[in-house]
Every structure is written in C-alpha cells, then in structure tokens.
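Below: the structure, in structure tokens.
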2 protein chains.
Amino acid sequence: MGASAKLDRSAILEAAFEVLNQEGLEGLSLRLVAEQLGVQAPALYWHVRNKAELISLMAATFAEASGRAVLAGRTWQDKLILSAQARRQAMLARRDSARVCVMAQPLRSAAEAAPQLTAPLVTAGLTSRQALSYQAAVIAYTVGWVAYEQSQAMHDFLTQLIDFDASFTTGLHAMVRGFGAGESGS
Amino acid sequence: MGASAKLDRSAILEAAFEVLNQEGLEGLSLRLVAEQLGVQAPALYWHVRNKAELISLMAATFAEASGRAVLAGRTWQDKLILSAQARRQAMLARRDSARVCVMAQPLRSAAEAAPQLTAPLVTAGLTSRQALSYQAAVIAYTVGWVAYEQSQAMHDFLTQLIDFDASFTTGLHAMVRGFGAGESGS
DNA sequence: ACCTGAACACCGTTCAAGT
DNA sequence: ACCTGAACACCGTTCAAGT
C-alpha cells in the first residue's frame, strides 16, 4: 500500500519480494511493485533499467547468501555443502524463488562473478576449473531442487513420501562425495 | 505463417515450439502461436485449457524423452544416468526449455506420475522411496544444469572455461555414485 | 464441434512535462 | 535529479455469434 521512506533500489527490491510473496511470479508486475511503494510505475525506471534487471537483482540475493556461507567451511567439500544449504534456505524463504533464479539473466558478466565464486574453493585446494565445474553442478542441483520443492502440486504430493530436507541433503552429499571419488580412482 | 493441416493439440504444440525457438519464452504468446497456425488466438482455447497448460504440455515432452531412456539401462545407476542424459539432450534441442520446465505445473497429479517414473528403478532393486528421492535429485540437477547452460551470458563465458558435456556428466556420475556409497557405509 | 470478432482488464515501456 | 500522466503496443482470456 502507499508507503513512505525514499525510493531506491533496495526499497524497490523489498517491495518486489513482497509482491512476489503475495502474487507469485506470474503476478509480479512493475505496476504492483510501484503501488506497494505508493508511486507510479514509470518512477521505477529511474532506479532500475527494466523488469529483467529487477528480477536479476532478486536472484542475486540468493547468490549472496550462498557467497557468505562458502567462507565458513574448511575443506572444499564443506564449503560446497554449506553454500548450497544456505542458498536453499534463502530461496525457501521466498515464494517462487527458483523461477526467479531461472528467469534471471546474470547481472555482471559471468567473467567477473566467477573468480569471486570460486576463490574460496581454490584456496581450499581445487583447481579453478574444478571449482567452477563443481560449483556449477551444485548450484544447478540446488536451484533445480527448490524448483520442484516450490511447485505446489509436486510439494503436496511428495511431502508425504519423502523428506525434502533429508533427500536434498542426501543428493548433495552424494554429489560432493562423488567429486572426491572421481579424482582418486574408482 | 498461415498454415494448413488441422488444428489439434499436437499441431499447437509444434507451433508453440517453433515460436519458442524464434522468440524465446518471453516472446511466447498465444497470439503468435495462433498466427503460426493461421488461426485466431481464441481458437486455441478449444484444444487447450490455457497458456499454462500449453507450457505444461511442452515440458511433458522432455519427461517423455527421459521416460523412454530409463528403460534401457540394466542397473538402477545406469537407468538414472541414461534418463538424465536423454532429458538433457531433448532439452538442448529447444530454446529456453529449462525455463519452460520450471514454469510448468505438473499435468497429472504427481500421484499418478510417480509410479511410472520410479517403476523401472524399483524393478532394478531400489525401494520406491529411494527411487523417488534419487529421481527427484537427478531431475533437479539436470533441469538446473540446462538452465545455466541455456543462459546466454553464462554460456558465452563458461563455454571457454569448462566443457558442458563433460562437467554435466561428471556431476551426474558423482551424484549417482554417491547414492550407492550412501547405502553401504562411508 | 470448432472457429471468429470484439471486447475487458491487464501488461512493460517510453516520453513529454512537471517539480 | 526524480516523479507523474498519458500514451503505445502488446498480453491472456471470455463470450457472443457464426458455420
């Protein structure tokens, strides 16, 4: 509804998540975001290039949560697992977050994002190629998993057959454990 | 452009994929699909409930490709790997297919889809819980991976650093190998 | 049964104009 | 610098009406 504060990127981002939670991605429109802020839709264009950029900013939120967590672990295995768990938790706090991630197009050239993403893993002993490849696999798994988890029909059904937390973690550990096994023989 | 043949679900599906390839998911509209068929947009509603159902039908296409491949393998590990590879190949043949999969909502109640999805794996020795959990993980990984692979900016950059085929396969084998390791100790 | 034409309530985005 | 009002070219969907 009509609001105060001042209009900037972070206020718009917050309002966008509010609309997302209420309406889902289908219902996320700049007009509703503007209304949430007590402002007219074209006003948003002063702070944000277009809707695509807004969605990318929303998606970046989850990458940031993941990026903080990757610092915590000791081994590269721990880092991969912690960053994936953090990403999933951050995503589960928002409706349709997986759809947002998949619709988003990277903000910075991936060329600048990659080093920051992989540096902690390289410090922990991986080559930069391994770090990139493993991170890509873990992120893909996490986003894909949350997509299913957030699909209403899937959720209603699967929730009584499998434990989402446990199954996600099983798959994650399996993958990360498998990375290690790949290096040192069978 | 103006076309002939007769209008039915499969013709609409084909036209939708044509529009998808040309315009991407953002540009996929019922009006363009109708134009592709030489027909007016409301005509589509006789054959398809709405746009959401059309997108779900498109997504089902990839599940079918995967469902055929799962029959081929001998062990459950082989079946998981073959079905994932087939799904990825089918998806890579279409633009924005990962976005389509993530936006789609399941057609049949997941309750009917699940047995068909897991039966071959149960035959190969898994419990139905394991089959469901492992399949979910593998599908999540595959769809998530293709999402990154189809993201233009990601692709342009990563393509010169990692081999998509090899990295996907590495992650897939790692996960499936890890499933086995999870059962029998360490 | 199957399709058209016209309409409704929305979109994202642009742009002159205000302050 | 920052926002409004009005407009443009689109959407998905409904529904009477045609055949």
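Labels below follow one simple rule: chain letters A, B, ... track the order of the sequence lines, proteins then strands, and each chain is numbered from 1.
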On DNA chain D, compare the nucleotides closest to A/Arg31 and A/Ala41; which residue's is nearer the 5' end? A/Ala41
B/Ile139 side, atom CD1; B/Phe62 side, atom CZ - distance, nearest 0.5 Å: 13.5 Å
Let me know the distance between CG of B/Asn50 and P of D/dC11, rounded to the nearest Å. 17 Å
A/Leu44 CG to C/dT13 P: how many Å, rounded? 11 Å
Expressed as a whole number of angstroms, how long is the span from A/Glu26:CD to D/dC11:C1'? 13 Å
May I ask you to evaluate whether A/His47 reaches the phosphate of D/dA1, defined as a side-chain N or O under 4.0 Å from OP1 or OP2? no
Considering only heavy atoms from C-beta outward, does the side chain of A/Leu54 approach that of A/Leu30 to under 4.5 Å? yes
Between D/dT14, D/dT13, D/dC3, which one does the side chain of B/Lys51 approach most closely? D/dT13
Rounded to whole angstroms, how far apart are CD on A/Gln40 and P on C/dC11? 13 Å
Who is the Watson-Crick or G-U wobble partner of D/dC15, with both distances under 3.5 Å? C/dG5
Specify the separation, in whole Å, of atom CG of B/Leu54 and atom C1' of D/dT13. 14 Å
Donor-acceptor contact present, side-chain B/Ser66 to main-chain B/Arg87, <3.5 Å: no
How close or far is atom P of D/dC11 from atom CD of B/Glu35, stated in whole angstroms? 9 Å
Looking only at atom types and distance, does a side-chain atom of A/Ser133 sit under 3.5 Å from a main-chain N or O of A/Arg129, one as donor and one as acceptor? no
Describe the nucleic acid contact of B/Leu28 in one word from base, sugar-phosphate, nothing, applying a heavy-atom distance below 4.0 Å. sugar-phosphate
For A/Glu23, which residues count as a salt bridge (Lys or Arg N to Asp or Glu O under 4.0 Å) partner, sequence neighbours excluded? none
For the side chain of A/Pro42, starting at C-beta, report the closest nucleotide among C/dC15, D/dG12, D/dC3. C/dC15
Over how many whole Å does the gap from A/Tyr45 atom OH to C/dC15 atom C1' extend? 13 Å
Between D/dG18 (C1') and B/Trp46 (CH2): distance, integer Å: 14 Å
